[in-house]
Number of protein chains: 2
Amino acid sequence: MSHTLGIRQAQKQKTRQALLDAALGLLEEQSLSSLGLREVTRAVGVAPTAFYRHFRSTADLGVALVEEALGSLHPMIRTTVSTTGDSEERIARAIELIARHVDGYPAHVRFIARERHGGVQPVREAIRDQLARFAQEVKDELAKDPVSAGWTEDDLLMLAHLYVDQMLITASLFLEALEGPEREREERTRHVTQVATRQLRLIGLGRHHWLD
Amino acid sequence: MSHTLGIRQAQKQKTRQALLDAALGLLEEQSLSSLGLREVTRAVGVAPTAFYRHFRSTADLGVALVEEALGSLHPMIRTTVSTTGDSEERIARAIELIARHVDGYPAHVRFIARERHGGVQPVREAIRDQLARFAQEVKDELAKDPVSAGWTEDDLLMLAHLYVDQMLITASLFLEALEGPEREREERTRHVTQVATRQLRLIGLGRHHWLD
DNA sequence: CCATGCAGTTAACAACTGTTCTCCGTAATT
DNA sequence: AATTACGGAGAACAGTTGTTAACTGCATGG
């Protein structure tokens, strides 16, 4: 398939990525609905009109950012939920994985948390769709677990949504810990880990007694 | 105490409220970080400079909106959680109350959901503080319940946060149902109610088996 | 009843925004 | 080798923004 694309399209994708990166940086201190097209091109060092070669509007760029932030996350989700082992181990592993992801891509996490309920409709929809896909995938993995024997499809999906929302809340808390002063960072991270662990533990308990 | 304030201060508070109302309306289709001061005054029908008599900036106005949206909600929270009765009844009553609140104050709910992770730091902090107060109050009520016998303070607080976050998620889902086309409204509302009910039921199950 | 205080107005400022049109250089195609 | 396609630059547009200053009218307190 992917035959080496010409030096022309290569350059195009390069500046396109530069626009995305610059936008993501600028969005650390504002929302997408206030992000100006000129602001982005200025940060990249390119003429304002060049923007139109890549995106129709900043809202369009936002949708592309959603794809970049969440699109590549699906395989990770599947393997995380499906990992075998003690349920306590699985909880620890999932939270560790969230923490690492927030550490590696803080701007992406902030963007999703911010724009999930943000002021730009197409972006909200894109995020909602991606999260719905996550929930579906988590549901599929949950269905394989023997614990889920006798569960309704609806109930599996409601639990999956609970897990996905919980994942996002935890990621957002890790992010706040990262943003705070460096001295408190370690302690706050530990605290978030502890609380999130117990919340997942409690949800897991409810899950085991669902069919009583 | 509240001696009838003069016709002067009355007028001031009147336009102040008009500014808040207009801002809340404009924020249905954008985020606070893109809300312009002139935009607000124009909507009210007042000179741009009049804005400064009431707020230092739109961020300042945002903090005032947080107070308006969440400040008066504390008594409701306490009575909701503490209501006696079957745990199933309490769940139904809590969700019914959330649905009614979203119905009555959709713009407030949207504002809080949007700006909780929004681009304006002082507003984020104000919301975080109010939600932390909610969690504390929920914790205090949970502590009175016989089911909480033997629970750590930390564990009560982690459960309280779980409830508060869940409340916000549910409110946001109700809001989305309201915003959709009118034909689907009833069905979507019913669906949200059903899912939220089961999620609270599952969390309640986990709560009862926490000390196993 | 008069002097003070203050909510709101008017006018002006430099700076910024999104968008259009025209142009340039060069990679890609023939 | 000649032609086309296209990413990007440049200049100009009308409109908007936050903020300042000096003002006006009127409710308030002496």
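Here is the naming used below: chain letters follow the sequence lines, and residue numbers restart at 1 for every chain.
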Please state how far atom CZ in Phe51(A) lies from atom C1' in dG7(D), giving the value in whole angstrom units. 15 Å
Rounded to the nearest Å, what distance is computed from the CZ atom of residue Arg53(B) to the C1' atom of nucleotide dC23(D)? 11 Å
Do Ser34(B) and Ser34(A) get their side chains close enough for a donor-acceptor pair, meaning under 3.5 Å? no
Other residues, nucleotides, ligands: >12 heavy atoms within 6.0 Å of Glu28(A) CD: yes
Looking only at heavy atoms, which two atoms of Ala43(A) and Ala22(A) are closest? And how far apart? CB-CB, 4.0 Å
Whole angstrom value for the distance that separates C1' of dA27(D) from NZ of Lys14(B): 16 Å
Taking for each residue the nucleotide of DNA chain D with the nearest heavy atom, is it Tyr52(B) or Ile7(B) whose nucleotide lies nearer the 5' end? Tyr52(B)
Minimum-distance nucleotide (side-chain atoms of Leu37(A) versus dT19(C), dG18(D), dG8(C)): dT19(C)
Mind checking Arg42(B) for me? I need base, sugar-phosphate or nothing, with any heavy atom below 4.0 Å counting as a touch. sugar-phosphate
Could you tell me whether Thr15(B) contacts a base, only the sugar-phosphate backbone, or nothing, with contacts defined as non-hydrogen atoms closer than 4.0 Å? sugar-phosphate
Looking at dT19(D), does its base get a donor-acceptor pair with the side chain of Arg38(B) below 3.5 Å? yes
Using atom CG of Leu26(B) as one end and atom P of dT17(D) as the other, report the distance to the nearest whole Å. 11 Å
Within this structure, what is the CG-to-C1' distance between Leu35(A) and dG18(C), rounded to whole angstrom? 13 Å
In whole angstroms, how far is the P atom of dT19(C) from the CG atom of Asp60(A)? 12 Å
Atom CD of Gln9(A) and atom P of dT26(C) are separated, to the nearest Å, by 19 Å
Salt bridge check: are Arg207(B) and Asp145(B) linked by an N-O gap of less than 4.0 Å? yes
Heavy-atom nearest pair, Ile98(B) first then Met167(B), reads CD1-CG, 3.5 Å
Sugar-phosphate only, base, or nothing, as touched by Arg16(A) at under 4.0 Å among non-hydrogen atoms: nothing
Can a donor-acceptor pair under 3.5 Å be found between the side-chain atoms of Thr49(A) and the base atoms of dT19(C)? no
Roughly, in whole Å, what's the span from CZ in Arg8(A) to P in dA27(C)? 8 Å
